Q: 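Quick one: the structure is below, questions incoming.
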Amino acid sequence: QVQLVESGGGLVQSGGSLRLSCVASRTIFGIRANAWYRQAPGKQRELVAAISSGGNTNYSDSVKGRFTISRDNAKNTVYLQMKSLKPEDTAVYYCNVDLWGSSIVWGQGTQVTVSS
C-alpha cells in the first residue's frame with residue numbers, strides 16, 4: 001500500500017549541490033531505518049547513506065563529509081543533501097524504508113547527473 005516517491009534529481013555541475021527528497025504516501029509504522037542507494041550504469045546498487053529509527057547515520061566512504069541524510073517524520077519524508085558533487089556521483093538514486101519484520105519498500109528512483 002505504501003509508496004515512496006523520490007524527487008530533486010537533475011543535472012548539476014561538478015562542485016554543485018542537490019537535495020533529494022523521498023516522500024511516503026502515508027505514515028509508516030515500524031521503521032527500522034531509512035536509506036539512500038544509488039546505481040550507476042554497469043554497476044551494482046550501492047548504499048549511500050542510512051539513518052536508523054534512533055537517528056544513527058551511516059555513509060559510504062565516497063560520500064562522507066559531502067552528503068547528509070535526514071528525516072522529517074511529520075512530513076513522511078527523508079532527505080539526502082548532496083554537496084560538492086562529483087561526476088562519480090552520477091547515478092539513479094533510490095530511497096528505501098527498512099521495516100522491522102524484514103520488509104523493505106523501494107522508491108522508483110531519481111536521476112542525478114553531475115557534469116565535469
Side-chain angles (χ1 to χ4, degrees):
Q1 291 184 344
V2 65
Q3 294 182 338
L4 305 179
V5 179
E6 300 97 334
S7 63
L11 175 64
V12 65
Q13 292 185 348
S14 180
S17 300
L18 286 173
R19 187 179 74 162
L20 306 183
S21 299
C22 174
V23 182
S25 59
R26 63 170 176 82
T27 300
I28 304 172
F29 298 97
I31 295 175
R32 180 182 182 182
N34 296 104
W36 286 94
Y37 287 74
R38 67 186 181 188
Q39 186 168 25
K43 300 181 66 176
Q44 295 186 0
R45 188 172 299 186
E46 64 173 340
L47 175 68
V48 176
I51 182 169
S52 72
S53 60
N56 294 324
T57 58
N58 185 38
Y59 299 92
S60 67
D61 290 339
S62 63
V63 307
K64 285 182 179 178
R66 300 188 297 119
F67 291 10
T68 302
I69 186 171
S70 61
R71 180 177 61 230
D72 187 337
N73 291 331
K75 297 182 178 180
N76 298 329
T77 303
V78 178
Y79 303 97
L80 184 67
Q81 179 67 56
M82 306 184 294
K83 300 179 180 179
S84 301
L85 283 163
K86 305 175 181 179
E88 306 93 272
D89 297 318
T90 296
V92 177
Y93 284 71
Y94 301 87
C95 68
N96 80 355
V97 179
D98 188 346
L99 303 174
W100 293 107
S102 301
S103 179
I104 300 176
V105 180
W106 289 91
Q108 293 184 322
T110 184
Q111 176 71 48
V112 172
T113 302
V114 185
S115 62
S116 60

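Note that the coordinates shown come from a computational prediction; the quantities given were computed from them, not determined experimentally.
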Q: Please round to the nearest 0.5 Å and tell me the distance separating atom CG of L80 and atom OH of Y37.
A: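 OH of Y37 is found 13.0 Å from CG of L80.
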Q: I need the I69 CD1 to T57 OG1 distance, nearest 0.5 Å.
A: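 One finds 8.0 Å between CD1 of I69 and OG1 of T57.
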Q: Might you point out which heavy atoms bring L20 and W36 nearest each other, and give the distance in Å?
A: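 Closest heavy-atom pair between L20 and W36: CB-CH2, 3.6 Å.
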Q: Do Y94 and L4 touch side chain to side chain, with heavy atoms closer than 4.5 Å?
A: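 No, every pair of side-chain atoms sits at 4.5 Å or beyond.
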Q: Only one of N34, V97, N76 forms a side chain to side chain contact (heavy atoms under 4.5 Å, CB included) with I28, so which one is it?
A: V97
Q: In the single-linkage hydrophobic clustering (I, L, V, M, F, W, Y; side-chain heavy atoms under 4.5 Å), do L47 and W106 co-cluster?
A: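 Shared cluster, yes.
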Q: Please determine whether residues I31 and V2 belong to a single hydrophobic cluster, defined as Ile, Leu, Val, Met, Phe, Trp and Tyr linked transitively by side-chain heavy-atom distances below 4.5 Å.
A: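 Same cluster: I31 reaches V2 through Ile, Leu, Val, Met, Phe, Trp or Tyr contacts under 4.5 Å.
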Q: Looking only at heavy atoms, which two atoms of I51 and S70 are closest? And how far apart?
A: CD1-CA, 4.4 Å
Q: Between R71 and S52, is there a donor-acceptor pair closer than 3.5 Å when you use the side chain of the first and the backbone of the second?
A: yes
Q: Do you see a donor-acceptor pair shorter than 3.5 Å between the side chains of R38 and S62?
A: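 Checked: R38/S62 side chains pair up, N/O donor to acceptor below 3.5 Å.
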Q: Under 4.5 Å between side-chain heavy atoms, hopping through other hydrophobics if needed: is there a path connecting V92 to V48?
A: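 No, it is not one cluster - the side chains of V92 and V48 are not joined through contacts under 4.5 Å.
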Q: Considering residues, nucleotides and ligands other than E46, do more than 12 of their heavy atoms fall under 6.0 Å from its CD?
A: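 Count over threshold, so yes.
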Q: So do F29 and L99 actually touch side chain to side chain, heavy atoms under 4.5 Å?
A: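 No, side chains not in contact.
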Q: Once rounded to the nearest 0.5 Å, what's the spacing between atom CZ of R19 and atom OG1 of T68?
A: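 The OG1 atom of T68 is 11.5 Å from CZ of R19, to the nearest 0.5 Å.
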Q: Treat each ILVMFWY residue as a node, draw an edge where side-chain heavy atoms are under 4.5 Å apart, and state whether V105 and V78 are in one component.
A: no
Q: Check for a donor-acceptor pair, side chain of E6 on one end and backbone N or O of Q108 on the other, with a separation under 3.5 Å.
A: yes
Q: Within a reach of under 6.0 Å around CZ of R66, are more than 12 heavy atoms found that belong to other residues, nucleotides or ligands?
A: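 Yes.
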Q: Considering non-hydrogen atoms only, spot the tightest contact between S84 and S17 and give its length.
A: N-OG, 4.3 Å
Q: Identify, with sequence neighbours excluded, every residue that meets side-chain contact (heavy atoms from CB on, under 4.5 Å) alongside V114.
A: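 Applying side-chain contact (heavy atoms from CB on, under 4.5 Å) to V114 gives V12, S14, L85, P87, D89, T90, V112.
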Q: Describe, in one word, how the ring planes of F67 and Y93 are oriented to each other, choosing from parallel (under 30°), tilted (30 to 60°) and perpendicular (over 60°).
A: tilted
Q: If I take atom CD from residue Q13 and atom OG from residue S116, how far apart are they, to the nearest 0.5 angstrom?
A: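 One finds 9.5 Å between CD of Q13 and OG of S116.
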Q: Sequence neighbours excluded, which residues qualify as side chain to side chain donor-acceptor pair (under 3.5 Å) partners of D61?
A: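 Only K64 meet the side chain to side chain donor-acceptor pair (under 3.5 Å) criterion with D61.
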